[in-house]
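Take a look at the structure set out below.
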Protein chains: 2
Amino acid sequence: MSDHTHKHLSEDALELVAERFKVLSEPLRLRLLNALMDGEKSVSELVEETGSLQANVSKHLGLLLDAGVVARRKEGLRSYYRIADKTVFELCDMVCGSLHDRLAADLEHLSGDRSSSPHRR
Amino acid sequence: MSDHTHKHLSEDALELVAERFKVLSEPLRLRLLNALMDGEKSVSELVEETGSLQANVSKHLGLLLDAGVVARRKEGLRSYYRIADKTVFELCDMVCGSLHDRLAADLEHLSGDRSSSPHRR
DNA sequence: ACGCTAAATTGCTATTTCGTCAAACGGTAG
DNA sequence: CTACCGTTTGACGAAATAGCAATTTAGCGT
């Protein structure tokens, strides 16, 4: 494990980073990105894969497009979307790892330690 | 550039990942994490650094606590918060890098190429 | 021109979430 | 105990957002 020293971010940068996280904070959008891991797909394909209505899928794809996370290619009647920013997968993987660690730690605490995490109310 | 192949995530995992991203999608919460980079701090210190009202800071800290991103230590009248999940900084750094790249690319396009990103309506 | 189809957009309702104020809680000191 | 202080919590109004239904836009074929 490296002890990277991370830089403080400016107020403006923070705002932009928050916005990017917000784009990734909706399950349907993550499902769409997940589906696009296999490669470019049309809206109808994505509709079928996600089981959501077309209007919803279109709207969320539009958001992802504006954010620069995906790119669009129009061909005839169809629009094909693909991943434009591959870092999203690394982000997801990193979060997954972090969640795994946390779960594992919580399990440890279940064996005899009652003092920490789940914030009792 | 490595061509990592990333795993597809389960429906449930996606939901959890989305929730984690949501926690990180608020500017004030990122400001709090940013302030905690220097180490453990009390609520009042964080109130002063962020310029937000105390009730607000407390509420957001509570969210970060529930999410396991920060940890709390109570001493006398005060509560001291610290980072519990260091991956948040790597996540932010990664997003920053990605945004930087995107901005650079957009600047390129300004010199003579009118076809791509900002989604004209 | 017309109809058919894929995608994008609009209007609406319901839910969520932020920020603020006010009150409650928990320690500490006089 | 009472008064005070730092923190947490509850309630309220305002703004944002997801989902659904209906409409519009745009390409293709007849």
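Reminder, nothing fancy here: chain letters follow the sequence lines and each chain counts from 1.
Between D:dA18 and A:Arg29, a contact under 4.0 Å exists linking OP1 or OP2 to a side-chain N or O. For A:Ser44 and C:dA7, the shortest distance from a side-chain N or O to OP1 or OP2 is below 4.0 Å. Proximity of A:Tyr81 to the phosphate of C:dA8: a side-chain N or O atom is located under 4.0 Å from OP1 or OP2. For C:dT17, neither phosphate oxygen OP1 nor OP2 lies less than 4.0 angstrom from any side-chain nitrogen or oxygen of B:His60. The shortest distance between the side-chain N/O atoms of B:Ser58 and the OP1/OP2 oxygens of D:dG6 is not below 4.0 Å. Distances shorter than 4.0 Å separate none of the side-chain N or O atoms of B:Arg78 from OP1 or OP2 on C:dT28.
Among the atoms of the strands shown, none is found under 4.0 Å from any heavy atom of A:Ser52. As judged by a 4.0 angstrom heavy-atom cut-off over every strand, A:Lys74 is placed among residues making no nucleic acid contact.
Checking A:Thr87 against A:Asp85 by side-chain atom types alone, a donor-acceptor pair falls below 3.5 Å.
Proximity note for A:Ala55 (side chain, C-beta onward) versus C:dG19, D:dA21, D:dT9: the nearest is D:dA21.
Residue-to-nucleotide contacts include no donor-acceptor pair under 3.5 Å from the side chain of A:Lys22 to the base of D:dT17.
Contact annotation: the side chain of A:His100 never approaches that of A:Leu103 to less than 4.5 Å [non-hydrogen atoms, C-beta and beyond]. Put simply, the side chain of B:Arg72 does not reach to within 4.5 Å of the side chain of B:Tyr80, judged on heavy atoms.
We find that NZ of B:Lys59 is positioned 16 Å from P of C:dT16, with the value rounded to whole Å. Atom CG of B:Leu24 and atom P of C:dC18 are 12 Å apart (whole Å). Rounded to a whole Å, the CG atom of B:Leu32 is 13 Å from the P atom of D:dT7. We find that CG of A:Leu46 is positioned 12 Å from C1' of C:dA7, with the value rounded to whole Å. Between the CG atom of A:Asn56 and the P atom of D:dA22 there is a distance of 15 Å, given to the nearest Å.
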Show the distances under 3.5 angstrom between N or O atoms of the protein and N or O atoms of nucleotides 23-30 of chain D.
none

Worksheet item: Are A:Glu49 and A:Lys41 close enough, and set up right, to give a salt bridge (Lys or Arg N to Asp or Glu O under 4.0 Å), and what steps lead you there?
Response: CA-CA 10 Å; A:Glu49 274 197 56; A:Lys41 291 188 182 156; 2.5 Å; yes
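Smallest separation of non-hydrogen atoms from A:Arg29 and A:His60: NH1-ND1, 2.9 Å.
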